[in-house]
Amino acid sequence: MTAISALSRRDFARLGAATAMLAASGAGRAAGSYPTKPVTVIVPYAPGGQGDVFARLLSQDLGQALGQSVIVENRPGASGALGTRQVVRADPDGHTLLLGQTGEIAINGFAMKSPGYDTLKDLRAIALVGNAPLVLAVPQNSPYGSVEALLRAARDKPGSVAYASSGTATPGHLAAAAMAARSKADMTHIPYKGAGQAISDLIGGQVQCFFASASSIMPHIQGGRVRALAVSSLEPVAALAGVPTVAQTLPGFEFSLWGGYFAPAATKSAIVELLAGHINRIVQKPELRGRFEAEGSAVDPMTPERFGKFVRAEMDKYAALVKSTQARID
């Protein structure tokens with residue numbers, strides 16, 4: 001038996017934790033006295049959404065790790081662009097951060113005529129917090145028992161299946177459009193201003209399906225008001241046991257709502273690395289991981305470099321979809 005194979009899993013875990021602590025302490029020394037004042041995390045949407053939940057769940061622990069208060073500030077407007085612009089224009093000293101999500105980070109630059117920022121040029125990826133699949137939901141009494149049945153109806157009777165979205169060029173809209181295009185189904189898009197009214201009309205049967213965020217639709221699934229037909233991840237989700245994936249019908253189909261921390265592009269690497277180390281440690285705390293996973297959100301800690309590559313891949317995917325659907329926010 002080699003020395004490596006003799007190590008137990010607990011030994012490896014301890015080694016990993018020690019390495020992370022050494023890395024964080026090294027980044028801390030390089031970051032100097034940062035932070036010198038409270039850190040503000042801008043959430044570019046109203047309170048209560050997925051990004052807001054992410055930011056508030058981490059704020060206390062992140063503040064303790066940094067030795068300064070972490071203030072969560074909601075700046076909704078312009079499909080997330082308003083708050084994002086505020087961060088882009090802030091001093092790149094690590095005291096103003098963005099809790100950015102799929103829409104404002106990966107979609108706005110292609111669907112908006114002038115979002116007021118360029119994700120790749122103006123923002124620096126720090127760390128992913130959570131990544132949740134969309135849930136393809138149908139009314140509780142829907143006649144469709146599978147994704148294939150829903151798509152077959154849309155092909156056989158064009159216009160008979162209407163899908164809701166929480167707005168044009170949102171991930172839910174583009175996921176449904178991609179599903180329809182790949183299956184050659186004729187489905188009608190009904191955009192709403194947010195998920196609330198979309199879910200209300202789904203419950204009432206005014207629309208036949210809705211790719212909703214897991215956090216917004218789970219209470220209605222648990223309450224028996226709607227049914228989960230499928231999830232948009234490649235693998236099933238533990239929080240929705242027994243619910244298949246769309247990919248089982250359309251191989252490779254994958255969409256998600258994710259959220260992570262970003263800083264102005266000129267922020268020093270030492271500050272970015274310090275923040276990433278703290279965030280990645282916090283999201284792996286059992287109580288937080290359990291909370292995220294209970295709502296269908298996967299926890300996948302990423303280095304700033306890996307998160308940056310993830311963001312670029314998401315942007316490439318949505319650039320093609322926005323072009324093919326000609327979806328426009330403004």
What one should report as the nearest heavy-atom pair of Val207 and Ala198 is CG2-O, 4.4 Å
field: Sidechain-backbone polar pair: Thr325 side chain, Leu321 backbone, donor-acceptor under 3.5 Å
entry: yes
| query | Is any side-chain heavy atom of Leu66 closer than 4.5 Å to a side-chain heavy atom of Tyr34? | reply | yes
message = What I want to check is whether the side chains of Arg124 and Ser269 have a donor and an acceptor closer together than 3.5 Å.
response = yes
query = Going by heavy atoms in the side chains, are Ile42 and Leu99 under 4.5 Å from each other?
reply = no
**Study point:** Carboxylate-amine/guanidinium proximity below 4.0 Å for Glu287 and Arg291
**Key:** no
- Task: Spell out, as yes or no, whether a donor-acceptor pair under 3.5 Å connects the side chain of Ser165 to the backbone of His173.
- Result: no
Which of Arg75, Glu104, Gln50, Gln101 passes side chain to side chain donor-acceptor pair (under 3.5 Å) with Tyr45? Answer is Glu104
Hydrogens and angles aside, do Ser213 and Ser216 bring a side-chain donor and acceptor to less than 3.5 Å of each other? yes
Worksheet item: Using the ring of each side chain (for Trp, its six-membered ring), is His189 parallel, tilted or perpendicular to Tyr163, with breaks at 30° and 60°?
Response: parallel
For Glu148, is the CD atom crowded, meaning more than 12 foreign heavy atoms sit under 6.0 Å from it? yes
Take Val231 and Leu134 through the test side chain to side chain contact (heavy atoms under 4.5 Å, CB included) and record every step on the way to the result.
CA-CA 6 Å; Val231 292; Leu134 297 164; over 6 Å; no
Could you give me the CA-CA distance, side-chain angles and deciding distance for Ile126 and Ile279, then say whether side chain to side chain contact (heavy atoms under 4.5 Å, CB included) is met? CA-CA 9 Å; Ile126 300 174; Ile279 293 165; 4.1 Å; yes
Answer yes if the ring centres of Phe307 and Tyr261 are under 6.0 angstrom apart, and no otherwise. no
Shortest non-hydrogen pair, Ser79 vs Ile329, comes out as OG-CG2, 3.4 Å
Q. Would a 4.5 Å heavy-atom cut-off, applied to side chains only, mark Ser297 and Phe54 as touching?
A. yes
Margin query: Given 3.5 Å as the limit, does a donor-acceptor pair link the side chain of Thr84 with the main chain of Gly80, or not?
Written below: yes
Taking 4.0 angstrom as the limit, do Arg312 and Asp316 come out as a salt bridge?
no
Exactly one candidate in Ile105, Asp122, Val87 meets side-chain contact (heavy atoms from CB on, under 4.5 Å) with Phe262; the answer is Ile105
Q) Side chains of Phe211 and Val246: closer than 4.5 Å at any heavy-atom pair? A) yes
| message | Is the shortest side-chain heavy-atom distance between Leu123 and Leu98 below 4.5 Å? | response | yes
Closest non-hydrogen atoms of Ala239 and Ala294, given as atom of the first, atom of the second and distance, are CB-O, 3.5 Å
Rounded to the nearest 0.5 Å, the CG atom of Leu240 sits from the CG atom of Leu229 at a distance of 12.0 Å
Inset, instruction - Ignoring hydrogens and angles, tell me if any N or O in the side chain of Ser142 forms a donor-acceptor pair with the backbone of Val138 under 3.5 Å. - result: no
May I ask you to test the Val161-Thr188 pair for a side-chain heavy-atom distance under 4.5 Å?
no
Closest non-hydrogen contact found for Ala90 with Pro264 is O-CG, 3.9 Å
Side chain Ser166, main chain Gly194, donor-acceptor under 3.5 Å:
no
CD (Gln208) and CD1 (Ile190) are apart, to the nearest 0.5 Å, by 9.0 Å
Self-check item: Ring-face cation of Lys323 near Tyr318 (centre distance under 6.0 Å, axis angle within 45°)
Solution: no
Any Val135 side-chain heavy atom under 4.5 Å of Phe210 side chain
no
Between the side chain of Gln284 and the main-chain N/O of Asn280, is any donor-acceptor distance below 3.5 Å? yes
Lys/Arg N to Asp/Glu carboxylate O, Asp186 vs Arg155, below 4.0 Å
no
Side chain to side chain contact (heavy atoms under 4.5 Å, CB included) for Met179 and Leu151? Distances and angles first, verdict last.
CA-CA 9 Å; Met179 182 177 72; Leu151 296 176; 4.0 Å; yes
Review point. Any donor-acceptor pair under 3.5 Å linking the side chain of Arg306 with the backbone of Pro301?
Key: yes
So CE of Met315 and CZ of Phe310: to nearest 0.5 Å the spacing works out to 12.5 Å
Side chain to side chain contact (heavy atoms under 4.5 Å, CB included) between Thr40 and Leu97: does it pass, once the steps are laid out? CA-CA 6 Å; Thr40 298; Leu97 307 175; over 6 Å; no
Original post:
Under 4.5 Å between side-chain heavy atoms, hopping through other hydrophobics if needed: is there a path connecting Ile282 to Val70?
Top reply: yes
Distance col, row Leu234:CG vs Glu254:CD, nearest 0.5 angstrom, shows 3.5 Å
Closest non-hydrogen contact found for Ala55 with Val41 is CB-CG1, 4.2 Å
dist Ser160:OG -> Met187:CE (nearest 0.5 Å) comes out at 9.0 Å
Original post:
With no hydrogens and no angle check, do the side chains of Asn74 and Asp52 hold a donor and an acceptor under 3.5 Å apart?
Top reply: yes
- Task: Could you tell me whether a side-chain N or O of Gln248 sits under 3.5 Å from a main-chain N or O of Thr245, the two making a donor and an acceptor?
- Result: yes
Heavy atoms of Ala125 and Val272 approach each other most closely as O-CG1, 3.9 Å
Return yes if some donor-acceptor pair links the side-chain N/O of Arg56 with the main-chain N/O of Gly48 below 3.5 Å, else return no.
no
Are Leu120 and Met112 connected in the hydrophobic side-chain network, where two residues link if heavy atoms are under 4.5 Å apart? no
Are Tyr117 and Val43 connected into the same hydrophobic cluster when the rule is that any two of I, L, V, M, F, W, Y join if their side-chain heavy atoms are below 4.5 Å apart? no
(message) Under 4.5 Å between side-chain heavy atoms, counting indirect links through other Ile/Leu/Val/Met/Phe/Trp/Tyr residues: same cluster for Val147 and Val226 or not?
(response) no
Next on the checklist: In the structure I gave you, are the side-chain heavy atoms of Ile203 and His220 within less than 4.5 Å of one another anywhere?
Outcome noted: yes
From the list Val129, Val299, Leu57, side-chain contact (heavy atoms from CB on, under 4.5 Å) partner of Leu288 resolves to Leu57
CD1 of Ile107 to OG1 of Thr102, rounded to nearest 0.5 Å, is 6.5 Å
Are Val88 and Val311 connected, step by step, through hydrophobic side chains (Ile, Leu, Val, Met, Phe, Trp, Tyr) whose heavy atoms are closer than 4.5 Å?
-> yes
May I ask you to check whether over 12 heavy atoms, not counting those of Gln222, lie within 6.0 Å of atom CD? yes
Please check if the side chain of Asp93 supplies one atom and the backbone of His95 the other of a donor-acceptor pair under 3.5 Å.
-> yes
